[in-house]
Amino acid sequence: MKVLRKIIEIDETLCDGCGQCVPACEEGAIQIIDGKARVVAEKYCDGLGACLGECPQGAISIVERVAEDFDPEAVEAYLETLDQHPQPVRQTLACGCPSTHLQTFEPKTSCQAANQPQSQTAGHSALGHWPIQIKLIPPHAPFLQQADLLVLADCAAVAYAALHQELLKGRVVMMGCPKFDDVPEYVEKFTEIFRKNDINSVTAVTMEVPCCSGLPMMVKNGMAAAGKKLPVTMLVIGTNGTLMKKEVL
Amino acid sequence: MKCPGQDTRYWKHDAIFDSPCPKCGQMLEFFKDQTTTRCKGCGEQIINPKMDFGCASYCQYAEQCLGELPPELLAKRDDLLKDRVAVQIKHYLKKDFKRIGHATRVARYAEKIVQQEGGIPAVVLCAAYLMDIGAREALEKHGQADPAALEKEGPAVARKLLATLSAKEPIINEVCDIIAHRQPRPQETVNYRCVHDAERLVTLMEQQKDKPHAPEAMIGLIDETFLTASGRQLARTLLLTEAKD
């Protein structure tokens, strides 16, 4: 049934297909089609605008127009179909954007490592996957299964010199800043990650500054919301780059 | 950290524009982030005609931005509250699509009714969105989210949510009062009557789908239970036209 109602409108000239709006819509109403965000069907969009603040281009707005009414039953059926036939395009936020393109890197074999020139050994990265920012890692990223998580405050990555050798190797790093980033959003992200994956262990690395204390908190809250209980090893790095404290929460 | 809308590095060619002064016609130059400018022709303080508050409906820093606006624009703040509540209700209800659908429809019809009845849109729309806000708490504490449980649990959750959005105390109090009782008292405010009729209309529409009333019975229900003339008229149009189809 068509009614006069509020519904989202996407300005295709502004949309660059980054896909950040896609996970914000619980109904799955927005998908990236041919490189642009599009409303799959009017009846899946409730018009409340949870996706509004997600678009970095400001391409999404709410308009009032005649449209098919929001249909909760149709949404349920549609989401069930998506669960049964997951679209491969959603694996990388559906946009092909390089910053969100999921990648796993093979570690160097002992032979490769032994044959690396001395001058290049300092440049060897222990990073095993991409992306690394908490915001960009989807809960279904394959590298999260059976992972040892390293939840790292952005500043700690720069401050702690032995990061690659001591902390990064063999771990799945997730970086963020509890002061500037959206903490409730991250708690939800961790909840989904703990819910959907069997995580082996969690190491949280923060700086000594007080605003960093939110980082282990959001991991613990996400874990609690997912009904999981894993010990979190917490490392505190001083502003001069020294390891100040190590404890199990 | 700066809002991209205010950061000149993200500005496009139309970020700086000319617009005539509405008082004397003198051309004025506006930057998109400039709320007002003084007209060199008549000396009046003129508001930026392209000032867009769309972002304020979801931006967590909206309060800081809006707080700096001139009084003429501050008046729009209460209006924006309903849009911010709409986004929050979605975050609260998550995958409860049935309640989301119900809330959006109640808000849609409440908006139509309040426009004709002359109530306060900010109060009516917020209450319309928040009628079922206590659903999760009701289920946890009472095992069911029936109207009685929603009346009991809803106001506290609504109060917290509205306070987070920096709603004014009188608005919070009235919204909480409305959602705390679904059965009308002898003397109700126009705001209450608008929300009541919108809620009643959507409930009847949902009942019509499952177990349709006969047109005569429906006319009786509308005349007896609706509290506003606009609500009654809207109900007759929507419920009786559909019944004929």
Side-chain angles (χ1 to χ4, degrees), chain A residues 1 3-9 11 13-14 21 24-29 43-80 83 177 179-185 187-188 191-192 225, chain B residues 1-7 10-12 15 32 52-62 80 82-109 111-112 125 128-129 164 202 205-206 208-210 234 237-238 241-242 245:
Chain A
M1 185 181 70
V3 292
L4 178 68
R5 71 176 184 99
K6 292 189 171 66
I7 189 165
I8 67 154
E9 187 171 80
D11 185 338
T13 58
L14 293 175
C21 53
C25 180
E26 294 277 6
E27 288 92 353
K43 63 184 171 186
Y44 301 150
C45 173
D46 56 31
L48 287 177
C51 53
L52 276 178
E54 303 298 325
C55 178
Q57 302 297 324
I60 306 177
S61 57
I62 300 273
V63 296
E64 192 169 30
R65 65 173 171 84
V66 175
E68 210 174 338
D69 204 357
F70 175 64
D71 186 341
E73 285 91 15
V75 172
E76 300 275 6
Y78 166 63
L79 288 180
E80 212 163 285
D83 282 345
C177 173
K179 179 167 181 157
F180 294 128
D181 298 350
D182 186 345
V183 172
E185 181 192 332
V187 172
E188 273 188 40
T191 305
E192 283 299 292
Chain B
M1 198 168 53
K2 200 171 186 183
C3 164
Q6 294 184 5
D7 192 333
Y10 297 92
W11 281 12
K12 300 200 169 64
K32 64 175 265 190
D52 177 18
F53 298 99
C55 58
S57 62
Y58 54 82
C59 179
Q60 57 180 320
Y61 303 109
L80 282 171
K82 64 178 169 31
D83 298 331
R84 302 177 74 192
V85 168
V87 175
Q88 291 304 317
I89 196 86
K90 170 105 176 184
H91 289 312
Y92 174 84
L93 291 172
K94 293 184 190 294
K95 288 186 185 290
D96 190 348
F97 303 123
K98 202 173 171 195
R99 280 190 205 284
I100 288 173
H102 181 87
T104 53
R105 275 190 286 271
V106 174
R108 185 192 311 157
Y109 298 125
E111 192 167 18
K112 280 187 202 298
L125 271 291
Y129 278 125
T164 314
V202 175
M205 286 172 93
E206 287 164 357
Q208 265 319 68
K209 262 191 193 172
D210 303 331
L234 191 61
T237 313
L238 290 168
T241 313
E242 273 179 26
D245 295 340

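Order of the sequence lines sets the chain letters (A, B, ...), proteins ahead of strands, with each chain counted from 1.
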Euclidean distance, [Y] [atom2] relative to [X] [atom1], rounded to 0.5 Å:
X	Y	atom1	atom2	result
A:Ile62	B:Asp83	CD1	CG	8.0 Å
A:Glu27	B:Phe97	CD	CZ	5.0 Å
A:Lys6	B:Glu111	NZ	CD	3.5 Å

- prompt: What part of A:Leu4 lies closer than 4.5 angstrom to a heavy atom of chain B: side chain, backbone, both or neither?
  reply: both
- request: Using non-hydrogen atoms and a 4.5 Å limit, figure out which bit of A:Glu188 sits close to chain B: side chain, backbone, both or neither.
  value: side chain
B:Gln88, part contacting chain A, at a heavy-atom distance under 4.5 Å: neither
- request: Counting only heavy atoms closer than 4.5 Å, note whether B:Arg105 contacts chain A via side chain, backbone, both or neither.
  value: side chain
Heavy-atom pair of closest approach, residues [X] and [Y]:
X	Y	answer
A:Ala50	B:His91	CB-CE1, 4.1 Å
A:Phe70	B:Gly101	CD2-CA, 3.5 Å
A:Leu48	B:Val87	O-CG2, 3.6 Å

query: If you measure from the Lys or Arg side-chain nitrogens to the Asp or Glu carboxylate oxygens, is any gap between B:Lys94 and A:Glu26 under 4.0 Å?
result: no
query: Any ion pair linking A:Asp69 and B:Arg108 (charged N to carboxylate O, less than 4.0 Å)?
result: yes
